[in-house]
Structures are given as structure tokens and as C-alpha cells.
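Below is one structure, written out as C-alpha cells, with a few remarks after it.
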Amino acid sequence: QVELVESGGGSVQAGGSLRLSCAASGYTYSRDCMGWFRQAPGKEREGVAAICTRSANTYTAYYADSVKGRFTISQDNALKTVYLQMDSLRPGDTAMYYCAASALVSVPLRPADYDLWGQGTQVTVSS
């Protein structure tokens, strides 16, 4: 059974940075995309960034407009880990951040396309 475990969340001031990690444990199945999503209290879960395999050693990254230029998604296949580097953080980025994986994705930033989820890590940005 594959599990995704997020880490790296915390509290920072606006303008600061955090790096989230998502480690896959157990048997790692072949997956199309790995994504980061977030959910703030009272709001729907939204896609933040995703990285999808296009061919051997070729990947495409996708970003929500709200984080373009500030967040960077990357992965280390040897470590079975996906990262989300978050810079220039804003109070509006405050949310629970979730890592997710899917073997078949149509819309990379759509939560419904993902079937394996981590437990989440909290990110709080103060002004």
C-alpha cells in the first residue's frame, strides 16, 4: 500500500519561504501526476501545483495563477519525494496543504482527478 506523507509546514511571516516535502512510502505505483493542493477554512480544496510525467525523464509543471512565480514544484524520483518551494508567501496562502498522486489525470490541478492523498501539513502566513 502506498502512502504519502507531507512535512515542512509551519508558521512564517509574509514574504518568507517554506519548503514542503511529500514522501511516498510502501510500494510506489506508476503515477501520471503528483500534485499539491490546499484548503483554507470554509473554502474548497484548490490545486496549487502539479508535476506530470510526459515521457522518460520529461516532466511538465503546472501552477495555479495565484502562485505562479512564487512557488516551484520539483521531484526526486530516487527519493520518491515531491517538493513545493514556496517563496514570497502571503497571508492568503494560509491553508492546509495536501500532497496527492494519480495514475491518470485529465486536469492536473483538479482535485477530483487524484485518488491518493496525504494527511496534510499546515501553512500559516502572518502579516
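The figures here come from the full heavy-atom set of this structure, side chains too, leaving out hydrogens, waters and symmetry mates.
- Distance check: Arg110 CZ to Ser102 OG gives 10.5 Å after rounding to the nearest 0.5 Å.
- Linking Ile, Leu, Val, Met, Phe, Trp and Tyr residues whenever their side-chain heavy atoms come within less than 4.5 Å places Met34 and Val67 in a single cluster.
- Contact detail for Gly47 and Ala64: the closest heavy-atom pair is O-CB, 3.4 Å.
- In this structure the side chain of Gln75 never reaches within 4.5 angstrom of the side chain of Lys80, judged on heavy atoms.
- For Tyr114, the ring-ring contact (aromatic ring centres under 6.0 Å, His included) criterion is met by Phe37, not counting sequence neighbours.
- Here side chain to side chain donor-acceptor pair (under 3.5 Å) pairs that include residues 13-22, with residues two or more places apart or in two chains, are Ser17-Asp87.
- The cluster map of Ile, Leu, Val, Met, Phe, Trp and Tyr, joined by side-chain heavy atoms under 4.5 Å apart, puts Val12 and Phe71 in the same cluster.
- The two residues Ala14 and Pro91 make their nearest non-hydrogen contact at CB-CD, 4.0 Å.
- Here the OG-CG distance, from Ser11 to Leu89, works out to 11.0 Å after rounding to the nearest 0.5 Å.
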Practice task
Give the intermediate values and the outcome of side-chain contact (heavy atoms from CB on, under 4.5 Å) for residues Gln122 and Thr94.
Solution key: CA-CA 8 Å; Gln122 178 67 38; Thr94 295; 4.1 Å; yes

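- Using a 4.5 Å heavy-atom threshold, the side chains of Val48 and Tyr62 count as separate.
- Using a 4.5 Å cut-off on side-chain heavy atoms (C-beta onward), Gln119 and Leu4 make no contact.
- Interatomic distance, Asp115 CG to Leu104 CG, rounded to the nearest 0.5 Å: 9.5 Å.
- If you take SG on Cys33 and CG on Asp113, they are separated by 8.5 Å, rounding to the nearest 0.5 Å.
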Practice task
Take Val82 and Trp36, measure what side-chain contact (heavy atoms from CB on, under 4.5 Å) needs, and give me the verdict at the end.
Solution key: CA-CA 9 Å; Val82 176; Trp36 284 98; 3.6 Å; yes

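- Between the side chain of Tyr63 and the backbone N or O of Ile73 there is at least one donor-acceptor pair closer than 3.5 Å.
- In the hydrophobic clustering of ILVMFWY residues, with side-chain heavy atoms under 4.5 Å counting as a link, Val105 and Ile51 come out apart.
- No side-chain heavy atom of Thr72 sits under 4.5 Å from any side-chain heavy atom of Leu84.
- At a threshold of 4.5 Å between non-hydrogen side-chain atoms, the residues Ser74 and Gln85 do not count as touching.
- Between Trp117 and Tyr98, the ring-plane angle classifies as perpendicular under the 30° and 60° cut-offs.
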Problem - Chi angles and distances behind the side-chain contact (heavy atoms from CB on, under 4.5 Å) call for Arg38, Glu46 - result: CA-CA 6 Å; Arg38 66 186 182 189; Glu46 63 175 355; 2.6 Å; yes

Practice task
Decide yes or no on side-chain contact (heavy atoms from CB on, under 4.5 Å) for Thr53 and Thr58, but give the supporting numbers first.
Solution key: CA-CA 6 Å; Thr53 301; Thr58 301; over 6 Å; no

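- Side chain of Thr81 to main chain of Leu79: a donor-acceptor pair is present (N/O by atom type, distance under 3.5 Å, no hydrogens or angles).
- Taking every heavy atom of both residues into account, Arg70 and Ser88 meet most closely at NH1-O, 2.9 Å.
- Contacts of Lys68 classified as salt bridge (charged side-chain N to carboxylate O under 4.0 Å, His left out), with partners at least two apart in sequence or in another chain: Asp65.
- Across all non-hydrogen atoms, the minimal contact from Tyr97 to Glu6 is O-OE2, 4.1 Å.
- With a 4.5 Å cut-off on side-chain heavy atoms, Val123 and Leu20 count as touching.
- Between Arg54 and Asp32, the closest side-chain pair of non-hydrogen atoms falls below 4.5 Å.
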